[in-house]
Amino acid sequence: MTTLPMGTPLSWSLPRAWQRALPTFVFLLLWILFLYRETAVAMVTIWSRSDTFTHGFLVPPIVLWLVWRQRGVLALQVPRANPGAWVLVAGVAFLWLLGDLVAVNAVTQLTLVALLVLTVPAMLGWSVARLIAFPLGFLFFAVPIGEFLLPPLMEWTARVTVFALRVSGIPVYREGLDFVVPSGRWSVVEACSGVRYLIASLTVGALFAYMNYRSTQRRIIFVLVALVVPVIANWLRAYMIVMLGHLSDNKLAAGVDHLLYGWVFFGIVILLMFMIGARWAEPESVPGMEGTTTNDATPISPSQNGARFWGVAGGLALLVTLPHLAIGALEYRDIAARHTVSEPMPLVTRWQVVDLEGIAFKPAFQNPSVEINRHYALDGRTVGLFLGYYQHQDYSRKLVSSNNVLVIGKDANWERAGSGSHRLAWGEHALEVRTAELRSVAQASHLNPENLVVWQFYWIGGQVTANDHLAKVYGAMNRLMGRGDGSAVIVAYTRKDQAGSAEALLSSFLTTHQASINERLLSMGKNP
């Protein structure tokens, strides 16, 4: 076992083993990027259009620079192909296949990065992967993920802001994410959630911890601080902006300038966090040199090593290709069985189809294959039923998407006033449906504005759920088993001030029509 002495000059000539391994390794990376180019392009597109994930452009260059810093100690390692990594590669490739079948960007993009990362231990060995473990892990910051944190962060911001205002002696009336103070009305929107601050702080904080600390404990502590500080800073920012607006009679921080104030405040907080963190910085050693040794395994003859290396390279190339062969086979089968999607027959019950009667509402679900929005009346009570049916889904048209919501953030007619869940008997099963209360924007200033009670859940090939993730799983399994991807969103809604309980009315309507709705959805897409 040979240890590299500190201060030994590094040779710029690569050992023979690296001269053979690097070109093949780079070729495999390029092969993966070529095969999964649509996933990679989708990532870059999100970087370019979203301020939250613009940092993604910087992640690959930073990773390359971090690996370059380790070039001296990496040159001492003997790259050895590792067929044991095939199991991990195969599992990740299968996850990519499932994600692509139901067009989930987060899954396909995470698995693409995971495939690139796993190529290192598969082709160069675990000893090499351990030396550049942080750069490999940092590559995951390129994945534009984190929007799932928006609802809880917005809720926490609203709660803390209202609490702080009340402690300050300002009367506040809160309804959902909206609250009213004597000087005006405020609302916690997506830009106020703090998710941008959180992602930016975590990315930069992880890099700062790696570069300035040697001990794992200090690195973990600083990353945790980088997670907590932006959340608390965003709460303070929201409170101070409302106070500025209130005390200045809405002359300050009531328009777009409050976003500028927010970023300035965040910048100051993060700068202070780094200044304080730098006080505990540990002396930097030569990158990767501490305690590093060359491989001490039993030597392998060049012919045996070469056969193993090329065998692993060929197997890896085939493994990452298999999901695309499967996608091609499934698409061919779908095209062969493709049929015209037809509108279902109307529900036949005592409930009568009526005009809108003042309920001018339609969920904001994008590009369904068939869209039905009808209103039914019985004994003076009215219920609206929206069916959005999706078939031949892809990334531009899919049932479960962040773009498919009940109301958009700037809807001209309705705004969300609350949300929850309700248990519904659907056939032989008990279903937990999503519930929401929507308030008319035109009557928002009235003491008793018109509100709607809305229930929502998904129908996937006969199975029902209100859970986004479970809906995706059902969709992927149906496609793999040759059942197609016919799916729908079911939304029932009624006025909150209906005679009797709005919840009881919706429950009665859906229970009565459960079999009819299921039959009509099954009939969609079948040839007439």
Side-chain angles (χ1 to χ4, degrees), residues 175-176 343-365 368 370-389 404-408 411-459 464-466 488-524:
E175 189 173 46
E343 181 176 327
M345 298 172 59
L347 304 177
V348 181
T349 64
R350 293 176 54 217
W351 290 76
Q352 300 297 316
V353 178
V354 296
D355 293 332
L356 295 180
E357 294 193 359
I359 310 180
F361 167 69
K362 188 184 79 169
F365 275 70
V370 173
E371 178 181 280
I372 307 296
N373 193 28
R374 291 177 179 156
H375 297 79
Y376 299 84
L378 178 66
D379 298 333
R381 299 178 297 173
T382 304
V383 171
L385 178 65
F386 175 87
L387 301 178
Y389 184 83
N404 289 341
V405 292
L406 292 178
V407 291
I408 60 176
D411 190 278
N413 300 310
W414 301 95
E415 60 185 8
R416 186 185 288 266
S419 59
S421 62
H422 189 90
R423 186 169 291 273
L424 169 69
W426 185 265
E428 299 178 354
H429 306 285
L431 171 65
E432 197 80 15
V433 301
R434 296 183 195 175
T435 67
E437 184 173 332
L438 306 182
R439 179 176 54 235
S440 171
V441 173
Q443 301 181 18
S445 59
H446 295 188
L447 184 60
N448 295 305
E450 181 182 54
N451 285 19
L452 292 182
V453 176
V454 185
W455 288 8
Q456 171 193 342
F457 58 99
Y458 301 118
W459 178 96
V464 289
T465 181
V489 61
I490 300 174
V491 179
Y493 53 94
T494 189
R495 292 191 185 92
K496 187 177 182 180
D497 59 357
Q498 290 270 13
S501 167
E503 288 76 12
L505 178 61
L506 291 176
S507 180
S508 174
F509 177 85
L510 288 172
T511 301
T512 300
H513 295 90
Q514 178 267 327
S516 182
I517 291 173
N518 190 65
E519 179 184 350
R520 297 303 183 267
L521 289 174
L522 286 172
S523 71
M524 285 190 181

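The first residue of the sequence shown is numbered 1, and numbering continues consecutively from there.
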Practice problem: Taking the side chain as every heavy atom from C-beta outward, state whether W426 and I517 have any pair of such atoms under 4.5 Å apart. | Solution: yes

Quiz item: Are the side chains of V489 and N404 in touch, meaning some heavy atoms are under 4.5 Å apart?
Solution: no

Quiz item: Which residues pass the salt bridge (Lys or Arg N to Asp or Glu O under 4.0 Å) test with E432, sequence neighbours left out?
Solution: R423

Quiz item: For V454 and W414, what are the C-alpha separation, side-chain angles and deciding distance, and is it a side chain to side chain contact (heavy atoms under 4.5 Å, CB included)?
Solution: CA-CA 12 Å; V454 185; W414 301 95; over 6 Å; no

Quiz prompt | Short side-chain to backbone donor-acceptor contact, T512 and S508, under 3.5 Å | solution = yes

Quiz prompt | Qualifying residues under salt bridge (Lys or Arg N to Asp or Glu O under 4.0 Å), relative to R434, sequence neighbours excluded | solution = D468

Quiz item: Can you find a heavy atom in the side chain of V453 that is under 4.5 Å from one in the side chain of T435?
Solution: no

Quiz prompt | Shortest non-hydrogen contact between I408 and V405, atoms and distance | solution = N-CG2, 3.9 Å

Exercise. Output yes when a side-chain donor or acceptor of S507 lies under 3.5 Å from a complementary backbone atom of E503, and no otherwise.
Key: no

Self-check item: With W459 via side chain to side chain donor-acceptor pair (under 3.5 Å) - residues at least two apart
Solution: N518

Practice problem: Report yes if the side chains of V370 and L387 come closer than 4.5 Å at any heavy-atom pair, otherwise no. | Solution: no

Quiz item: H513 vs W351 aromatic rings, parallel, tilted or perpendicular, using cut-offs 30° and 60°?
Solution: perpendicular

Practice problem: Find out whether L521 and Y389 are in side-chain contact, i.e. whether some heavy atom of one side chain is under 4.5 Å from a heavy atom of the other. | Solution: yes

Exercise. Using atom types as modelled and distance alone, determine if a side-chain donor or acceptor of T382 lies under 3.5 Å from a backbone N or O of A377.
Key: no

Quiz prompt | Minimum-distance pair of heavy atoms, taken over all atoms of R416 and L406 | solution = NH2-CD1, 3.8 Å

Exercise. Determine the sole option in H375, Q456, K362 for which the side chain to side chain donor-acceptor pair (under 3.5 Å) test with Y493 is passed.
Key: H375

Quiz item: Do R374 and I372 come close enough that some side-chain heavy atom pair is under 4.5 Å?
Solution: yes

